[in-house]
Amino acid sequence: MAFIMKLFPLLSFLFFTSGTVLSSPQRYESIFNFGDSLSDTGNFLLSGAIAFPVIGKLPYGETFFQHATGRCSDGRLVVDFIAEAYGLPYLPPYLAIDNGHDFKHGVNFAVAGATALDPQFFKELKLESLLWTKDSLSIQLGWFKKLKSSLCTTKQDCDNYFKKSLFLVGEIGGNDYNYAFFVGGSIKKLRAFVPVVVDAITKATSALIEEGAVELVVPGNLPIGCSAVYMTLFQSPNKSDYNPKNGCLKAFNSFAKYHNNQLKRALEMLRQKYPHARIIYADYYGAAIRFFHAPRHYGFFNSTLTACCGGGGPYNFNNSARCGHIGSKACNNPSAHVNWDGIHLTEASYRHIAKGLISGLFSTPPLSSPL
């Protein structure tokens with residue numbers, strides 16, 4: 001049985017790629033992840049923050065772990081499936097390192113609610129009180145630098161270690177927009193600070209390369225116009241505001257694509273600056289929008305726009321009875337839903353996104369093969 005379990009990531013990879021093998025022979029021996037609630041595996045809870053404590057109890061974690069882990073989903077996340085594919089253990093949250101976790105195979109620095117920009121930026125906009133956490137991308141980068149001396153000492157040691165490591169820089173930046181949108185910020189105004197958000201992401205990516213990272217994945221934003229929270233907060237009586245093919249809000253999806261296009265341009269400039277590094281753009285938007293165009297093909301037999309766990313309303317997102325709060329309940333079959341709690345996706349969705357990245361279909365250039 002143990003042999004079969006070790007073989008499973010390889011078999012699943014071959015299945016995901018329909019028998020094709022990616023060209024690069026390298027496999028990763030460690031993963032370092034930075035980001036927000038799309039990839040946090042426990043840092044938010046361990047930080048002692050209380051803005052969203054329901055992620056510390058069921059139904060969060062019910063599908064795979066059978067208990068809450070601090071992940072903002074019913075089960076595993078994209079980072080978990082990537083770790084599985086390369087035969088690595090799930091990444092321990094950075095704030096659990098003192099609890100005796102082994103971190104030679106990598107660490108997760110992501111924190112739910114984190115932003116690409118520092119809290120000072122939101123303080124100047126009088127939005128600081130909305131932040132779930134002050135552990136922004138620069139704080140997470142500081143954690144990595146602090147930990148680095150425990151991973152390697154000499155430059156040669158570090159070079160040898162990090163050349164076999166994968167760095168995931170995000171998804172990050174989505175919350176920078178969420179906080180502003182949710183208090184009435186207009187798309188026109190928010191487009192103006194997309195370059196600032198993208199600059200923070202690319203500077204962090206650059207800093208990691210300077211620290212020795214050579215293979216980095218930088219994801220774009222999801223199609224937020226299909227998210228239950230956006231569908232609920234920005235309902236419109238005007239049918240022309242919705243995409244007739246998928247029912248999503250066109251303007252917010254266009255905004256996500258605008259961010260992604262800006263990010264892709266910035267990453268291309270980074271590639272020219274650091275030709276020795278593999279800087280991979282992960283197309284989360286492309287990987288996820290498929291669910292809304294052909295849901296049954298991916299096993300989503302319930303409404304793609306309705307949250308599995310929530311407290312009612314047309315999209316089962318009720319801000320006064322969010323998932324885990326009194327008045328909410330989880331659906332019986334999360335794997336048949338795209339959306340978990342109105343904001344985050346289900347394990348089933350994250351599995352399909354991870355497949356798309358590992359196969360190379362939604363990663364440019366493709367990730368190295370797990371073989």
Practice item. Go through the steps for Ser236 and Tyr242 under the test side chain to side chain donor-acceptor pair (under 3.5 Å), then give the verdict. Key: CA-CA 8 Å; Ser236 171; Tyr242 296 88; 5.2 Å; no
Are there over 12 heavy-atom neighbours, none belonging to [X], within less than 6.0 Å of that residue's [atom1]?
{"X": "Lys148", "atom1": "NZ", "value": "yes"}
{"X": "Glu210", "atom1": "CD", "value": "yes"}
{"X": "Arg191", "atom1": "CZ", "value": "no"}

Review point. Would Cys158 and Leu151 count as a side chain to side chain contact (heavy atoms under 4.5 Å, CB included) if you check the C-alpha gap in whole Å, the side-chain angles of each, and the deciding distance to 0.1 Å?
Key: CA-CA 8 Å; Cys158 291; Leu151 299 168; over 6 Å; no
Closer than 3.5 angstrom, by distance alone: can the side chain of [X] be matched with the main-chain N or O of [Y] as a donor-acceptor pair?
{"X": "Ser335", "Y": "Ala348", "result": "no"}
{"X": "Asn43", "Y": "Leu95", "result": "yes"}
{"X": "Arg71", "Y": "Gly61", "result": "no"}
{"X": "Asn33", "Y": "Asn108", "result": "no"}
{"X": "Ser39", "Y": "Val79", "result": "no"}
{"X": "Asn246", "Y": "Ile289", "result": "no"}
{"X": "Ser227", "Y": "Gly342", "result": "yes"}
{"X": "Asn253", "Y": "Gly225", "result": "yes"}
{"X": "Tyr161", "Y": "Lys104", "result": "yes"}
{"X": "Glu347", "Y": "Arg76", "result": "yes"}

Check your understanding: Taking the six-membered ring where the residue is Trp, are the ring centres of Phe144 and Phe162 under 6.0 Å apart?
Key -> yes
Point to revise | Pair Tyr230 + Phe182: ring centers closer than 6.0 Å | key: yes
Can you give me the closest heavy-atom contact between [X] and [Y], atom names plus distance?
{"X": "Thr133", "Y": "Ala114", "result": "CG2-N, 3.5 Å"}
{"X": "Ala228", "Y": "Leu305", "result": "CB-O, 3.7 Å"}
{"X": "Arg278", "Y": "Pro366", "result": "NH2-O, 2.7 Å"}
{"X": "Pro365", "Y": "Arg271", "result": "CD-NH2, 4.2 Å"}
{"X": "Gln140", "Y": "Asp135", "result": "NE2-O, 3.2 Å"}
{"X": "Asp36", "Y": "Gly174", "result": "OD2-N, 4.5 Å"}

Is any side-chain heavy atom of [X] less than 4.5 Å from a side-chain heavy atom of [Y]?
{"X": "Thr202", "Y": "Leu267", "result": "yes"}
{"X": "Thr346", "Y": "Thr63", "result": "no"}
{"X": "Tyr281", "Y": "Asn260", "result": "yes"}
{"X": "Asp341", "Y": "Arg322", "result": "no"}
{"X": "Phe109", "Y": "Leu147", "result": "yes"}
{"X": "Asp241", "Y": "Phe234", "result": "no"}
{"X": "Leu38", "Y": "Leu77", "result": "no"}
{"X": "Tyr298", "Y": "Val338", "result": "no"}

What is the distance from atom [atom1] of [X] to atom [atom2] of [Y], rounded to the nearest 0.5 Å?
{"X": "Ser129", "Y": "Phe122", "atom1": "OG", "atom2": "CZ", "value": "12.0 Å"}
{"X": "Met231", "Y": "Leu249", "atom1": "CE", "atom2": "CG", "value": "5.0 Å"}
{"X": "Leu127", "Y": "Tyr179", "atom1": "CG", "atom2": "OH", "value": "10.5 Å"}
{"X": "Thr364", "Y": "Ile280", "atom1": "OG1", "atom2": "CD1", "value": "9.0 Å"}
{"X": "Asn243", "Y": "Cys226", "atom1": "CG", "atom2": "SG", "value": "8.0 Å"}

Practice item. On the 0 to 90° scale, with breaks at 30° and 60°, tag the Phe44-Trp132 ring pair as parallel, tilted or perpendicular. Key: tilted
Practice item. Check the pair Ser136 / Thr115 against side chain to side chain donor-acceptor pair (under 3.5 Å), numbers first and verdict last. Key: CA-CA 5 Å; Ser136 62; Thr115 52; 5.0 Å; no
Point to revise | Of Tyr285, Phe301, Phe300, the residue whose pairing with Phe291 passes ring pair (Phe, Tyr, Trp, His ring centres under 6.0 Å) | key: Phe300
Same apolar cluster (I L V M F W Y, side chains within < 4.5 Å links), [X]/[Y]:
{"X": "Val196", "Y": "Tyr258", "value": "yes"}
{"X": "Leu125", "Y": "Ile187", "value": "yes"}
{"X": "Tyr274", "Y": "Leu208", "value": "yes"}
{"X": "Phe64", "Y": "Leu88", "value": "no"}
{"X": "Ile97", "Y": "Tyr90", "value": "no"}

Review point. Where do Leu270 and Val218 land on the side chain to side chain contact (heavy atoms under 4.5 Å, CB included) test, with the steps shown first?
Key: CA-CA 12 Å; Leu270 270 191; Val218 187; over 6 Å; no
Check your understanding: For Glu268 and Arg265, what are the C-alpha separation, side-chain angles and deciding distance, and is it a salt bridge (charged side-chain N to carboxylate O under 4.0 Å, His left out)?
Key -> CA-CA 5 Å; Glu268 186 53 45; Arg265 290 193 192 99; over 6 Å; no
Practice item. Establish, from distance only, whether the side-chain atoms of Tyr86 and Glu29 form a donor-acceptor pair under 3.5 Å. Key: no
Check your understanding: Can you tell me if Asp80 and Tyr350 form a side-chain donor-acceptor pair at under 3.5 Å?
Key -> no
Point to revise | Ile343 vs Cys72, side chain to side chain contact (heavy atoms under 4.5 Å, CB included): CA-CA, chis, key distance, verdict | key: CA-CA 9 Å; Ile343 301 172; Cys72 294; over 6 Å; no
**Study point:** Candidate pair Val111 and Ile139, rule side chain to side chain contact (heavy atoms under 4.5 Å, CB included), full reasoning
**Key:** CA-CA 10 Å; Val111 184; Ile139 296 294; over 6 Å; no
**Study point:** Cysteine SG atoms at Cys309 and Cys331 closer than 2.5 Å
**Key:** no
Practice item. I would like to know whether Lys203 and Asp199 meet salt bridge (charged side-chain N to carboxylate O under 4.0 Å, His left out); could you show each step before the answer? Key: CA-CA 6 Å; Lys203 278 182 176 174; Asp199 185 59; 3.1 Å; yes
Practice item. Check step by step if side chain to side chain donor-acceptor pair (under 3.5 Å) holds for Ser240 and Asn238. Key: CA-CA 5 Å; Ser240 65; Asn238 190 346; 2.6 Å; yes
Review point. Between Glu128 and Lys134, is the closest basic N to carboxylate O distance under 4.0 Å?
Key: yes
